[in-house]
Amino acid sequence: MAVAVATQALAADLAALRRQTDASQAAVTSPSAPCNKEAESFSEFIVKFTVDEAFNASRSKISSMFALKPVADYRALVVTTGHDAGYYQQWQEIGADSVVLACAYAGAPADYHYVFRRQGGKWYLVDRITPDF
């Protein structure tokens with residue numbers, strides 16, 4: 001009985017987390033978002049960044065050792081099954097020249113943040129911040 005209750009609670013928490021994550025994805029891709037107001041919108045950049053490995057490499061200013069692979073991992077998501085259930089990536093701090101992707105497990109502080117910045121009118125992945133360094 002206790003396992004069933006815990007499973008239901010996790011499913012409800014993940015459903016709420018999914019709604020928050022979906023809202024963050026909608027916010028970062030909205031034409032009215034501050035990050036989408038210049039010639040190169042973040043929403044157009046991130047699509048190309050997630051599917052074009054050469055473009056990804058040209059627009060990443062961090063070591064490939066710290067980059068997410070495959071490149072399609074740069075998106076809002078919630079893992080609902082398996083060992084990583086409750087892991088999420090969510091867009092935060094959506095500004096005109098800076099957007100942050102937070103990565104964490106539900107109920108825990110973020111493991112790391114990926115920072116995207118507009119420089120010279122173009123978007124770049126510029127940093128990965130972790131609590132350890």
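Side chains included, hydrogens not; waters and symmetry mates left out as well; all remaining heavy atoms used. For the single chain, residues carry numbers from 1 onward in sequence order. Here the structure is a predicted model, which is why all the values come from computation and not from measurement.
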Determine, using ring centers only, whether Phe66 and Tyr114 are less than 6.0 Å apart. no
Where Pro109 and Ala104 come nearest, the two heavy atoms and their spacing: O-CB, 3.7 Å
Decide side-chain hydrogen bond (donor to acceptor under 3.5 Å, both in side chains) for Asp84 and Tyr105; before the verdict, give the C-alpha distance in whole Å, the side-chain angles of both, and the deciding distance to 0.1 Å. CA-CA 8 Å; Asp84 286 331; Tyr105 282 92; 2.7 Å; yes
Within-4.5 Å side-chain heavy-atom neighbours: Arg117 and Tyr124: no
Could you tell me whether the side chain of Trp123 reaches within less than 4.5 Å of the side chain of Phe49, counting heavy atoms only? no
Donor-acceptor contact present, side-chain Asp127 to main-chain Val115, <3.5 Å: no
If you measure from CG on Asp111 to CZ on Arg128, what distance do you get to the nearest 0.5 Å? 8.5 Å
I need the minimum non-hydrogen distance between Lys37 and Pro31, along with the two atoms involved. CE-O, 4.3 Å
Report yes if some heavy atom in the side chain of Leu125 is under 4.5 Å from a heavy atom in the side chain of Ser60; otherwise report no. yes
Angle between ring planes, Phe45 versus Phe42, binned at 30° and 60°: parallel, tilted or perpendicular? tilted
Approximate separation, where rounding is to 0.5 Å, of Ser58 OG and Asp52 CG: 7.5 Å
Does any non-hydrogen side-chain atom of Tyr87 lie less than 4.5 Å from one of Val78? no
Using 0.5 Å steps for rounding, measure from the OG1 atom of Thr29 to the CG atom of Asn36. 7.5 Å
So CZ of Arg18 and OH of Tyr88: to nearest 0.5 Å the spacing works out to 12.5 Å
Let me check something: any side-chain donor-acceptor pairs from residues 90-99 under 3.5 Å, sequence neighbours excluded? List them with distances.
{"unit_1": "Gln90", "atom_1": "NE2", "unit_2": "Thr21", "atom_2": "OG1", "d": "3.0"}
{"unit_1": "Trp91", "atom_1": "NE1", "unit_2": "Gln25", "atom_2": "OE1", "d": "3.1"}
{"unit_1": "Asp97", "atom_1": "OD1", "unit_2": "Arg118", "atom_2": "NE", "d": "3.0"}

Counting distance only, does the side-chain N/O of Asp13 pair as donor-acceptor with the main-chain N or O of Ala106 below 3.5 Å? no
How many angstroms lie between CZ in Arg19 and CG in Leu14, if you round to the nearest 0.5 Å? 10.5 Å
How about Val28 and Cys35: do any of their side-chain heavy atoms sit closer than 4.5 Å? yes
For the residue pair Ala102 and His113, what are the closest heavy atoms and their distance? CB-CD2, 3.6 Å
In terms of side-chain geometry, is the basic nitrogen of Glu40 or Arg59 positioned less than 4.0 Å from the acidic oxygen of its partner? yes
Distance (rounded to the nearest 0.5 Å) between Ile129 CD1 and Ile62 CD1: 10.5 Å
